[in-house]
Every structure is written in C-alpha cells, then in structure tokens.
Amino acid sequence: NQTPHSSYLRKCISLAEQSPPRPTNFRVGAILLSRKDEDPTGLEDRILSTGYTMELAGNTHAEQCCFSNFAAVHNVPEDEVAAVLPNEPGRKLIMYVTMEPCGKRLSGNAPCAQRIARTREGGRRGVHKVFFGVKEPETFVGESEGCRMLSAAGIEWEHIAGFEKEILTVAMAGHENSEAEVNAALGQGRQGTNVD
Ligand SMILES: Nc1nc(=O)c(N)c(NC[C@H](O)[C@H](O)[C@H](O)COP(=O)(O)O)[nH]1
Ligand SMILES: [Zn+2]
C-alpha cells in the first residue's frame, strides 16, 4: 500500500518530540499540505507548513502553530489564515496530526477543530481532510469532541492505526506516571476506531 500516511505520521511524531514536556497538555505534531486530486501516493504533495505544541510563544497547540507559521509567511495574523491558504482547483488541503484535533481546551482557548473549520470561511474550500494517529485521550476534557466538530464543518477525518503507543508516549512524556497513563489510554478501547 503506497499511501504516504505512515511517513507523514512519523514526521509529525518527530515534530511532537520537539515540544517541551508539560503535565498540562499533550505534545503533538502537525503538518499542513496540498495534495493533487486522485494522487493516493502523495508523490505530488506540497508541504505548506508544520507545527508542534508550544512551538510558538504562549500556550499554543500544534495545529494552531501550523496555521500561525503559514499566516506569518503571508503577513497575516493566524485568525486570517483562511484568506491566504491555497485554494487551487485540482488540489486539496490535507492535515496530518499525531492526535485528534481538540474540540475543547481546559484553558478556554479556541480549540483546533474550530481553527481547522474556520479555514472554510468565505466560501474557500479550506482543509479537506485530517489524518491523525490517536483519538484524544480523556485525560483533560473527557470524551473528545474534535471529530464531531470536524464532521459538522464538512471536514473528513481518518484515524491511521499503528502508531498509538509511540504517539501517546511522546504526547504524555511530561505527565506524572506517563507510562501508566499511556497504557490506560491504549486500553480505553477508543484507539483504532474510525467512528467518533
Ligand atoms: N490536538 C492537540 N494538539 C495539541 O497541541 C495539544 N496540546 C492538544 N491537547 C489537548 C488537551 O485537551 C489540552 O491541551 C488540554 O485541554 C489543556 O488545554 P490547553 O492546552 O492548556 O489549552 N491537542
Ligand atoms: Zn488543539
């Protein structure tokens, strides 16, 4: 199967490993790219931006940094990124994230599913699909709402199995008893399901 998902998730894990460990969030990595329609191999992908948790100042999430970095290159603030994202016929915007985009944040900051949904403002196609390696564990906000919010915004999502333990180990490295938390999250039985 010549899908590029595994190599992108491995790249996202490397990004997540650059995130400073904290007990109050997860270390996550994200990639934004443009993919040619009908190109399952991803050989014609164009990487647009990357991000990892707390890459940028403040309590920032990987997906948020991914958009902020792209917006900065185009001299607009992150909340105007929709206007500068490519909107080309024959190509679609795709995101790879180690973890399901958050639907709620304990800090109250705008969740990433909302930021992703906002890329479709102004009738632009915005992000078409999000691939992630794990559902968000229930550590902070209980049952995650991210996938439901993406679906509600007409954005497809898909869980790519096979990297759960690795992704969770990186994500929870700053947590107390992280090993036990990783195993609990793996056992939650929510990993590996494609239904939200
Ligand atoms: N998809 C995703 N990318 C991230 O970069 C990140 N850190 C999380 N983490 C989700 C988790 O639910 C929140 O980190 C907590 O709810 C605390 O909220 P804050 O991060 O302080 O806003 N999720
Ligand atoms: Zn988030």
Side-chain angles (χ1 to χ4, degrees), residues 5 8-33 49-71 78-79 81-82 93-119 126-127 129-153 155-160 163-164 166-178 181-182 184-186 188 190-191 193-194 196:
H5 306 325
Y8 282 121
L9 280 179
R10 284 197 188 88
K11 283 194 186 87
C12 288
I13 291 168
S14 304
L15 286 161
E17 286 171 330
Q18 297 176 53
S19 174
R22 291 282 186 286
T24 49
N25 66 18
F26 297 118
R27 298 163 79 220
V28 177
I31 297 174
L32 173 67
L33 62 86
S49 186
T50 64
Y52 58 84
T53 310
M54 296 185 74
E55 174 184 4
L56 300 177
N59 178 6
T60 53
H61 280 196
E63 304 92 316
Q64 175 182 1
C65 293
C66 197
F67 289 135
S68 287
N69 288 331
F70 189 82
E78 187 253 340
D79 62 3
V81 72
L93 295 179
I94 304 288
M95 283 188 94
Y96 284 88
V97 194
T98 52
M99 184 178 290
E100 170 191 16
C102 61
K104 182 170 175 294
R105 295 173 55 165
L106 285 185
S107 68
N109 293 339
C112 299
Q114 181 188 324
R115 296 171 195 271
I116 295 169
R118 291 190 59 187
T119 63
V127 173
K129 182 165 184 176
V130 181
F131 293 93
F132 53 83
V134 292
K135 300 280 281 181
E136 177 176 352
E138 304 192 359
T139 311
F140 298 108
V141 294
E143 172 114 12
S144 62
E145 289 296 316
C147 289
R148 267 187 275 288
M149 289 170 70
L150 293 176
S151 299
I155 297 170
E156 293 178 30
W157 51 269
E158 182 178 339
H159 171 256
I160 301 299
F163 298 90
E164 291 83 355
E166 202 176 344
I167 287 172
L168 290 168
T169 302
V170 170
M172 297 172 168
H175 297 191
E176 283 183 47
N177 309 319
S178 60
E181 194 187 342
V182 168
L186 288 170
Q188 253 164 10
R190 283 166 42 79
Q191 301 308 342
T193 56
N194 259 333
D196 60 353

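Atoms considered below: every heavy atom in the structure, side chains included; atoms not considered: hydrogens, waters and symmetry mates. Numbering of ligands and ligand atoms starts at 1, following listing order.
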* Side-chain donor/acceptor of S144 to backbone N/O of G146, under 3.5 Å -> no

* Asked: Below 6.0 angstrom between ring centroids: does that apply to H5 and F163?
  -> no

* **Every N, O or S from the protein that is nearer than 2.8 Å to the Zn ion (ligand 2)** =>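 N, O, S partners closer than 2.8 Å: H61 ND1, C102 SG, C112 SG.
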
* Asked: Looking at residues at least two apart in the chain, or sitting in another chain, which of them share a side chain to side chain contact (heavy atoms under 4.5 Å, CB included) with C66?
  -> A30, L32, S49, M95

* Asked: If you measure from the Lys or Arg side-chain nitrogens to the Asp or Glu carboxylate oxygens, is any gap between R10 and E166 under 4.0 Å?
  -> no

* To do: Give a yes or no on whether a salt bridge exists between E78 and R118, defined as a side-chain N under 4.0 angstrom from a carboxylate O.
  =>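 Answer for the salt bridge query: no.
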
Show me the side-chain donor-acceptor pairs of residues 55-63 shorter than 3.5 Å, one per line, residues at least two apart or across chains.
residue, atom, partner, partner atom, Å
E55, OE1, Y52, N, 3.2
E55, OE1, N69, ND2, 3.2
E55, OE2, N69, ND2, 3.3
T60, OG1, M54, N, 3.4
T60, OG1, L56, O, 2.8
H61, NE2, R105, NE, 3.3

* Asked: Going from OH on Y8 to CG on L33, what distance comes out if it is rounded to the nearest 0.5 angstrom?
  ->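 Here the rounded value is 5.0 Å.
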
* To do: Taking all heavy atoms of P101 and all of A113, pick out the closest pair and write down the distance.
  => CB-N, 4.1 Å

* Looking only at heavy atoms, what is the nearest atom pair of E181 and E176, with distance? ->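 Reported closest heavy-atom pair: OE1-O, 4.3 Å.
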
* Got the residues with a heavy atom under 4.0 Å of ligand 1, by chain and number? ->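 Near ligand 1, by chain and number: T24, N25, F26, V28, T53, N59, H61, A62, E63, M99, E100, P101, C102, K104, R105, L106, S107, E136, F140, V141.
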
